[in-house]
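Below is one structure; the comments refer to it alone.
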Amino acid sequence: MTFTFSHDHVGITVTREDLDATIAWYSRNFGFTVERQFASHGTTFVFLAAGDVRIELLTGASDRGRAPADNVLTSMDPSRLHHFCLAVADLDAAVSRLLELGVPLIGGPMEAPDIGRRIAFVTDNVGTVIELSAPGAGVSDRKTQA
């Protein structure tokens, strides 16, 4: 059996106390809007959308856990998802705008020639690592590869 996949969303667990601040962070810094919000089984679910990208916030965290990473290369932990990636058309413009908004980089911008991309990393208000990726020199984009 072969599966056909498309990406639907990434889920991020937050505390109830961090929910509004996390919605505000993604809205202010990346332009996400609340697509849907509901409560079920004692958990609040919020779907944020920007274009065809969706993020689900779930109020299931009991504490904030780890402090936000300040270096992408030392932020790997086998007990959690390391990062998710957002594709941008212009990495330099995206990084410049985020820096203007007070969002510090934890890695990059840098060339990733093996994947033909330029990348940079930031964290959101609760420490989720986010990769920003834009076309760069080198290998063709995966959509155009055979």
**Report entry** Gap separating the CG atom of L57 from the CZ atom of F45, nearest 0.5 angstrom
**Finding:** 11.0 Å
Requested in this report: Kindly say whether D18 contributes a backbone atom to a donor-acceptor pair with the side chain of T22 at under 3.5 angstrom?
Outcome: yes
Query raised in the report: In Å, rounded to the nearest 0.5 Å, how long is the span from CG of L91 to CE of M110?
Result: 9.5 Å
Query raised in the report: Would one find more than 12 heavy atoms of other residues, nucleotides or ligands at under 6.0 Å from atom CG of D52?
Result: no
Query - Gap separating the CZ atom of R16 from the CG atom of L58, nearest 0.5 angstrom - result: 11.0 Å
Query raised in the report: Do P135 and R118 have side-chain heavy atoms sitting under 4.5 Å apart?
Result: no
Report task. Measure up the F32 and F30 rings against each other and bin them: parallel (under 30°), tilted (30 to 60°), perpendicular (over 60°). Result -> perpendicular
Query raised in the report: So which of N29, N125, D124 actually passes side-chain contact (heavy atoms from CB on, under 4.5 Å) with V103?
Result: N29
Requested in this report: Give me the ring orientation class for F38 and F47: parallel if the planes are under 30° apart, tilted from 30 to 60°, perpendicular past 60°.
Outcome: parallel
**Report entry** Smallest separation among heavy atoms of P109 and V95, with atom names
**Finding:** CG-CG2, 4.2 Å
Report summary line: CD1 of I119 to SG of C85, rounded to nearest 0.5 Å, is 8.0 Å
Query - Flag, side chain of H7 to backbone of H9, donor-acceptor distance under 3.5 Å - result: yes
Query raised in the report: Is it true that a side-chain atom of S27 and a backbone atom of I23 form a donor plus acceptor pair closer than 3.5 Å?
Result: yes
Report task. Verify, without hydrogens or angle tests, whether T59 (side chain) and T44 (backbone) share a donor-acceptor contact under 3.5 angstrom. Result -> yes
**Report entry** Interatomic spacing from CD1 in I12 to CD1 in I55 - rounded to 0.5 Å
**Finding:** 5.0 Å
Report summary line: Interatomic distance, CD@Q37 vs CD@E56, rounded to 0.5 Å, equals 12.0 Å
